[in-house]
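Data first, discussion second: the structure below is written as structure tokens.
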Amino acid sequence: MKIKSITLFMLFAITTMNAQTKSHLDKTKTTEERIDLLMKQMTLEEKVGQMNQYNGFWEVTGPAPKGGTAELKYEHLKKGWVGSMLTVRGVEQVRAVQKIAVEQTRLGIPLIIGFDVIHGYKTLSPIPLAEAASWDLEAIKKSAQVAASEASASGINWTFGPMVDISRDARWGRVMEGAGEDPFLGSKIAEARVKGFQGDKREDLLKDNTIAACAKHFAAYGFAESGKEYNTVDIGNATLYNTVLPPFKAAKDAGVRTFMNSFNILNGIPATGNSFLQRDILKGKWNFDGFVISDWASIREMINHGFAQDGKEASQKAVDAGSDMDMESYLYVNELVSLVNEGKVDIKKVDDAVRRILRVKFELGLFDDPFKYCDKKREKEVIGSKANNDAVLDMARKSIVLLKNERKLLPLKKSGQKIALIGSLANDKTSPLGSWRIASDDNTAVSVLEGMQQYKGNQLVFEKGADLTVGKTTFVDELVFNTTDKSGFEAAKNIAKTADVVVMVLGEHGFQSGEGRSRTSLDLPGVQQELLEEIYKVNPNIVLVLNNGRPLALPWASEKIPAIVEAWHLGTQSGNAIAQVLYGDYNPSGKLPMSFPRNIGQCPIYYNFHNTGRPTNADKNVFWSHYTDVEKTPQFPFGFGLSYTSFEYKNLSLDKSSYKKEEKVKVSVELTNSGDFDGKEVVQLYIRDVAASLSRPVKELKGFELVELKKGETKLVTFTLSNDELGFYDNDGNYLVEPGTFKVMVGGNSDIGLESIFELK
Ligand code: BGC
């Protein structure tokens, strides 16, 4: 009898617990109600578990790990102390790890699976800086869609992208990951990428081919002093509000569901422990209701920054400041429970963080089907598909920038020519994949050699001339460059001597830019400059194709070499895209998203600088703002890029000469394709607020349009300026639109243009 009642009691207890634990799975309830129902059942340990993210730590489909951190992580996973994992990929692996979370933990809360899907997953698009050079928002959105479709087909449901850090310093290796130097272009691209990854509206996250996005690195990481990775950032509020924050705000407005904070200190306070950034601005003023993930171990790194005594204090400061999830510091999981129990961290802050994390999991539909991204059939069909390869090829062509084209060397004639192709990068099938390419395989890019071999009408001969690197090239190791071996120079000179045109593919290795890859020179590494000069001596008919992840400073080449094509690191279809541009099957239309300096001493260099008190040499002496040894202008300005055709701008006009604040300013210009090819032009509109309560930049991009014109065709291009474009942030973050004179400039790059003025009353 006694035994029977105990059994009955247990049965009753289990049924009640099940009823309780399942209530949040009721889809008829709102997300907030479902979160409430789940939160009520969670212990403090389980809540803290949601705030803990671990990197993948063992081959999940193999035996359970024994010993070390892997075993510890495994135990934590089974206890429900892990809310997210990163870098686990592939349907089989993700399913196995998700199964543990869903089936072995008390509450069965699914994991959110993060991955650095930065410019594609397996089928790679150009590096993000290159994509920005297309100024083609639709294409950029499409590229993020392709990335999302492949990643989601591989079990992943959250990308650590887009990176929206504005940077003006080519020394910083991570410029390859962003959209360049301009906050307006950067904001538009941030929006396009977020919508590409996530869809246009929040409900789109429920689909199985979208993933949650992450705007990073919040904030100001791109302003690392002297371009040195992870370095101190010390900037004023004018720069913070007007330059750094706008792309983050645009990402938020586009619906981005997560933010990642950054490694740097900002004006003395680490971004990870920065309540002003995360609580006052992001979650306060901007009302962001997704969650913030730390950067890799950035909570622990606050000890190195001298901002926290130990891990406990670091955790306390990070939670207080609004860092919701800990990536790989192992600190929240170890310290937060006692911090709450000791009254040092308010449980409300933990609850708030957990709500945010659960919200995104609900929005992704993970509670409804934790295995929704784990369809083997879809994985097979989607990853590496023909459609995805076509899409990244299109993006790659659009990303190419023609920097110089004298003597009509380009486009190349399709027959009867002898073409000498030189440079080890021309035959490299790995480097074009770029730096963030964890899910791709070495040797999978189409090389320039392979791309050019498609054109059979010419005689194509190849010599590498010299190796670029020595030894292994990997994501984690320092590269070693070939600075001595020139034994291939002679063979290269021999093929160049008798060629009609020499195509030289030179530049940086794909692993030379990206995280941890700052440089103090922007030249061609190794013996490439010497090779270029040697070849030039025997045949100056050179088309220089540049591969690089940042602006380079190449004064000699810019002066001597007749044709220069900026081809970045263009991803899987690199060689096909380059060959199609070289042969004129695609007329290049890219424009630089960052200024290219004349030498590294000019860095940071950017078009939207503030005027000095002495901008010109009016008195013909040295006392003006300049350098004594080089011009102060860049080699190639922001927004610059040529086409095989030419464009003429005429008749810039405004609909009025003076406007009331609430009125819209209509600007129009006539654009004519005056050359011999059909083509596309990025028409750019800049303004200058001539006198304001805060000094405003000499130029600010406020509109652009990609216009396609047949040869001989003319189109009227119109822009509308409203308060959104005419104002600026003061040092307290208030947005001001001030009356006064405004200059309007419209042209094909930031350096030239037709000008007009208007008054704002
Ligand atoms: C980078 C992040 C990245 C994270 C996870 C960090 O080192 O700064 O951008 O998302 O690692 O891989």
Side-chain angles (χ1 to χ4, degrees), residues 128-129 132 162-172 174-175 177-191 215-227 231-253 259 261-262 264-267 271 274 276-277 280-282 285-286 550-551 592-595 597 602-612 634 637-639 684-689 692-704 724-738 750:
L129 184 67
M163 191 270 222
V164 303
D165 297 316
I166 296 296
S167 181
R168 301 160 164 177
D169 199 328
R171 292 172 294 186
W172 191 49
R174 298 198 83 164
V175 299
E177 261 181 85
E181 73 189 35
D182 181 65
F184 183 84
L185 179 62
S187 298
K188 299 283 178 209
I189 291 176
E191 180 188 349
K216 69 187 188 185
H217 305 85
F218 198 63
Y221 188 28
F223 281 73
E225 272 177 8
S226 61
N231 209 6
T232 298
V233 176
D234 205 317
I235 54 170
N237 278 359
T239 305
L240 181 67
Y241 285 119
N242 290 292
T243 307
V244 170
L245 293 181
F248 286 102
K249 178 66 166 44
K252 191 263 151 191
D253 291 344
F259 270 61
N261 56 36
S262 52
N264 56 283
I265 60 170
L266 171 63
N267 305 334
N274 202 313
F276 163 68
L277 285 175
D280 299 353
I281 295 181
L282 179 61
K285 235 181 189 172
W286 296 358
R550 51 157 67 79
L592 297 177
M594 272 188 96
S595 310
Q602 291 183 311
C603 289
I605 184 165
Y606 49 100
Y607 84 94
N608 47 356
F609 57 88
H610 290 255
N611 223 6
T612 64
F638 172 82
Q684 300 158 45
L685 178 143
Y686 297 85
I687 63 162
R688 179 173 185 185
D689 184 348
S693 57
L694 223 68
S695 158
R696 303 303 307 135
V698 293
K699 262 171 206 179
E700 292 178 89
L701 181 74
K702 291 294 176 182
F704 62 89
D724 289 347
E725 286 82 32
L726 299 177
F728 61 90
Y729 291 94
D730 70 10
N731 285 336
D732 298 320
N734 303 308
Y735 190 72
L736 308 176
V737 181
E738 293 184 342
S750 63

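A donor-acceptor contact shorter than 3.5 Å links the side chain of N731 to the backbone of A238. Listed for the S187 side chain is a donor-acceptor partner under 3.5 Å among the backbone atoms of P183. The backbone N or O of D732 lies less than 3.5 Å from a partner atom in the side chain of D730, making a donor-acceptor pair. In this structure, the side chain of N264 engages the main chain of A219 through a donor-acceptor pair within 3.5 Å. The backbone N or O of S695 sits less than 3.5 Å from a side-chain atom of H610, completing a donor-acceptor pair. Side-chain atoms of D182 come within 3.5 Å of backbone N or O of L185 as a donor-acceptor pair. With hydrogens and angles ignored, the 3.5 Å screen pairs no side-chain donor or acceptor of R550 with any backbone N or O of V175. Side-chain N or O atoms of Y735 include one that pairs as donor or acceptor with a backbone N or O of D724 at under 3.5 Å.
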Give the C-alpha distance, both sets of side-chain angles, the deciding distance and a yes or no for side chain to side chain contact (heavy atoms under 4.5 Å, CB included) between E181 and S595. CA-CA 8 Å; E181 73 189 35; S595 310; 3.0 Å; yes
Report the C-alpha separation of Y221 and W172 in whole Å, then their side-chain angles, then the decisive distance to 0.1 Å, and conclude whether the ring-ring contact (aromatic ring centres under 6.0 Å, His included) test is met. CA-CA 10 Å; Y221 188 28; W172 191 49; 4.9 Å; yes
Hey, mind stepping through L685 and F704 against side chain to side chain contact (heavy atoms under 4.5 Å, CB included) and telling me if it holds? CA-CA 6 Å; L685 178 143; F704 62 89; over 6 Å; no
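T232 meets the side chain to side chain donor-acceptor pair (under 3.5 Å) test with no other residue; sequence neighbours excluded. Under the rule for a ring pair (Phe, Tyr, Trp, His ring centres under 6.0 Å), the partners of F638 that lie at least two apart in sequence or sit in another chain are W135, Y607.
At least one side-chain heavy atom of E225 sits less than 4.5 Å from a side-chain heavy atom of D234. Within the 4.5 Å cutoff, side-chain heavy atoms of L129 are placed close to those of M594.
R688 contributes atom CZ, which lies 14.0 Å from atom NZ of K702 (distance to the nearest 0.5 angstrom). The distance from atom NZ of K699 to atom CG of N611, rounded to the nearest 0.5 Å, is 11.0 Å. Rounding to the nearest 0.5 Å places CG of N242 at 10.0 Å from CG of N237.
W286 and F248 have their aromatic ring centers separated by at least 6.0 angstrom.
When only modelled atom types and interatomic distance are considered, Q684 and S750 share no side-chain donor-acceptor pair under 3.5 Å. Side chains of S167 and D169: a donor-acceptor N/O pair is absent below 3.5 angstrom, by distance only.
At a threshold of 4.0 Å, the pair K188-E191 does not count as salt-bridged, since none of the basic side-chain nitrogens sits closer than that to a carboxylate oxygen.
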